[in-house]
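These notes concern the structure reproduced below.
Owing to the predicted nature of the structure, the values given are computational and were not obtained by experimental measurement. Chain A is the first sequence line, chain B the second, and so forth, proteins listed ahead of strands; every chain is numbered from 1.
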There are 2 protein chains.
Amino acid sequence: MTSAQVGQRVAGFIAACRRQGVKATRQRMEILRELAATGEHPDAETVFSRVRRRLPSISLDTVYRTLHMLQEKGVIARVPSMQDRARFDANMDRHHHFVCTVCGRISDFYSAALDSFAPPPAVRALGAVDSVHIELRGRCRKCRSELKKNK
Amino acid sequence: MTSAQVGQRVAGFIAACRRQGVKATRQRMEILRELAATGEHPDAETVFSRVRRRLPSISLDTVYRTLHMLQEKGVIARVPSMQDRARFDANMDRHHHFVCTVCGRISDFYSAALDSFAPPPAVRALGAVDSVHIELRGRCRKCRSELKKNK
DNA sequence: TCGCAAATAGGAATTATTCCTATTATGAGA
DNA sequence: TCTCATAATAGGAATAATTCCTATTTGCGA
């Protein structure tokens with residue numbers, strides 16, 4: 001996401017806060033900015049250490065609470081993970097994930113073919129589908145390269 | 001999974017343990033049996049409380065360690081989750097998940113169309129794909145039914 | 001049957017996350 | 001611009017999920 005786009009996300013968030021009678025604090029803006037600027041789907045501890053560079057007195061509890069508030073308001077999304085830390089995603093466009101099974105990196109990718117995928121009719125027996133999520137698992141370029149070196 | 005199939009899973013596990021010089025303890029068998037018998041992708045605490053009915057002195061640490069050992073050996077798989085507890089799956093056949101966004105229930109379903117899905121070529125730029133996982137999110141039948149009642 | 005080392009149980013410790021409350025800061029209204 | 005109410009925060013504490021430690025038990029090969 002470009003700097004301009006990040007700025008727009010934050011500005012839009014501020015406007016939405018005003019509409020909803022929710023305070024647009026500096027902490028909230030910086031947390032969203034950090035999440036919007038990174039494509040790494042970070043956990044709370046990572047967001048905390050990065051935002052602390054600009055807001056040295058921010059608390060970890062504020063980061064946790066704010067991430068959950070942003071998720072609740074649909075501003076960001078939580079990413080399902082096999083790790084023991086919650087991961088978050090500011091990209092709310094329709095997209096998919098590539099997850100490295102070695103280092104845990106999560107990368108976005110787009111695919112019109114995947115977007116247009118329709119769940120098999122038999123799934124209706126399980127319930128009502130609201131969304132489809134595709135996760136590709138494998139080894140990212142970096143880990144592939146390093147694994148080759150080590151063999 | 002039928003009782004016969006569960007029994008076969010456990011017997012196969014015992015044989016594999018013997019081959020690998022790893023003890024086939026009663027605890028390990030019961031933990032695998034519980035996971036193989038349930039289609040619920042439970043967390044460690046759930047497995048612990050159920051296995052304890054048959055093995056009253058089992059410890060939670062043993063459940064955690066055994067789930068991780070089974071995962072490491074490829075006997076079971078960890079399920080990516082947005083919850084704060086690790087979830088596990090004994091179904092090692094090619095399948096997909098329907099996840100209820102209300103109650104968290106994870107249900108298996110099968111789809112030859114999904115199985116034959118090929119990742120878009122552009123993904124190669126991200127890394128080497130080993131597997132494709134599709135997760136449908138929505139409201140399970142039970143939660144749909146209850147939500148209708150409450151409205 | 002025996003013996004060894006892997007595995008376990010029970011309790012403690014660690015880590016990720018949430019709770020508590022005194023203080024601060026946002027922003028509506030004057 | 002100022003005031004003030006209250007939402008939000010910081011710092012510290014508590015909780016919950018998971019891992020660690022070690023004395024004891026048990027699986028299984030000989």
Side-chain angles (χ1 to χ4, degrees), chain A residues 10-11 13-32 34 41-73 75-76 78-88 104, chain B residues 10-11 13-32 34 41-73 75-76 78-88 104:
Chain A
V10 175
F13 171 65
I14 294 168
C17 283
R18 298 246 158 93
R19 282 197 298 278
Q20 296 174 36
V22 154
K23 290 185 179 183
T25 64
R26 173 86 191 282
Q27 291 88 346
R28 288 172 174 172
M29 293 184 233
E30 294 303 328
I31 288 164
L32 176 56
E34 179 54 45
H41 314 79
D43 55 43
E45 189 70 43
T46 300
V47 175
F48 173 60
S49 64
R50 290 179 183 170
V51 171
R52 215 169 33 177
R53 293 174 193 157
R54 302 188 292 276
L55 270 176
S57 66
I58 194 166
S59 75
L60 186 52
D61 174 50
T62 297
V63 176
Y64 274 98
R65 272 185 301 99
T66 301
L67 288 172
H68 286 297
M69 172 263 210
L70 292 172
Q71 184 195 349
E72 239 179 67
K73 289 185 177 304
V75 178
I76 68 174
R78 181 161 172 178
V79 178
S81 167
M82 288 185 281
Q83 295 178 338
D84 294 332
R85 287 182 164 194
R87 305 278 292 269
F88 296 89
Chain B
V10 175
F13 172 64
I14 294 167
C17 282
R18 296 240 160 94
R19 282 198 298 278
Q20 295 174 36
V22 152
K23 290 184 177 181
T25 65
R26 174 84 191 284
Q27 290 88 346
R28 288 172 171 170
M29 293 185 236
E30 295 303 328
I31 288 165
L32 177 56
E34 179 54 44
H41 314 77
D43 55 42
E45 188 71 44
T46 300
V47 175
F48 174 60
S49 64
R50 290 179 183 173
V51 171
R52 215 169 33 179
R53 295 176 192 158
R54 305 189 289 277
L55 269 178
S57 65
I58 196 166
S59 77
L60 185 52
D61 175 48
T62 298
V63 176
Y64 274 100
R65 272 187 298 102
T66 300
L67 288 171
H68 285 297
M69 171 262 208
L70 292 171
Q71 183 194 348
E72 238 179 70
K73 290 183 174 307
V75 177
I76 67 173
R78 181 159 172 179
V79 178
S81 167
M82 287 186 282
Q83 295 177 340
D84 293 332
R85 286 182 165 194
R87 304 277 293 269
F88 296 89

**OP:** Ignoring backbone atoms, establish whether T62(B) has a side-chain N or O less than 4.0 Å from OP1 or OP2 of dA7(C).
**Re:** no
Original post:
Is a side-chain N or O of R87(A) found less than 3.5 angstrom from the main chain of V79(A), in a donor-acceptor match?
Top reply: no
Original post:
Can you find a side-chain donor-acceptor pair between R52(A) and S49(A) that sits under 3.5 Å?
Top reply: no
**OP:** Would you indicate, yes or no, if dA7(C) has its OP1 or OP2 atom less than 4.0 angstrom from a side-chain nitrogen or oxygen of R26(B)?
**Re:** no
**OP:** Just compare dG27(C), dT26(C), dT18(C) and give me whichever is closest to any side-chain atom of A24(A).
**Re:** dG27(C)
**OP:** List the steps and the verdict of side chain to side chain contact (heavy atoms under 4.5 Å, CB included) for D43(B) and Q83(B).
**Re:** CA-CA 10 Å; D43(B) 55 42; Q83(B) 295 177 340; 5.7 Å; no
**OP:** Let me see the working for H68(B) and Q71(B) under side chain to side chain contact (heavy atoms under 4.5 Å, CB included), right down to the final yes or no.
**Re:** CA-CA 5 Å; H68(B) 285 297; Q71(B) 183 194 348; 3.8 Å; yes
**OP:** May I ask you to say what R65(B) touches in the nucleic acid, namely base, sugar-phosphate or nothing, with a heavy-atom cut-off under 4.0 Å?
**Re:** base
Original post:
If you find the nucleotide of DNA chain D closest to A86(B) and the one closest to Q27(B), which residue's nucleotide is nearer the 5' end?
Top reply: A86(B)
Original post:
Does a nitrogen or oxygen in the side chain of R85(A) sit under 4.0 Å from OP1 or OP2 of dT15(C)?
Top reply: no
**OP:** For Y64(B) and for G21(B), find the nucleotide of DNA chain D with the closest heavy atom, then tell me which residue's nucleotide is more 5'.
**Re:** Y64(B)
Subject >> Outermost DNA chain D nucleotides near chain A [under 4.0 Å, heavy atoms] >> reply: dT6(D) to dG11(D)
**OP:** Ignoring backbone atoms, establish whether H68(A) has a side-chain N or O less than 4.0 Å from OP1 or OP2 of dT18(C).
**Re:** yes
Original post:
Quantified as the angle between the terminal helix axes (five pairs each), what is the overall bend of the helix from dT1(C)-dA30(D) to dA30(C)-dT1(D) to 10 degrees?
Top reply: 40°
**OP:** Starting at atom CD1 of I14(A), determine the distance to atom C1' of dA25(C), rounded to an integer number of angstrom.
**Re:** 15 Å
Original post:
Between residues 52-61 of chain A and DNA chain D, which residues have a heavy-atom gap below 4.0 Å?
Top reply: S57(A), I58(A), S59(A), D61(A)
Original post:
So among R54(B), R53(B), R28(B), which one has a salt bridge (charged side-chain N to carboxylate O under 4.0 Å, His left out) with E34(B)?
Top reply: R54(B)
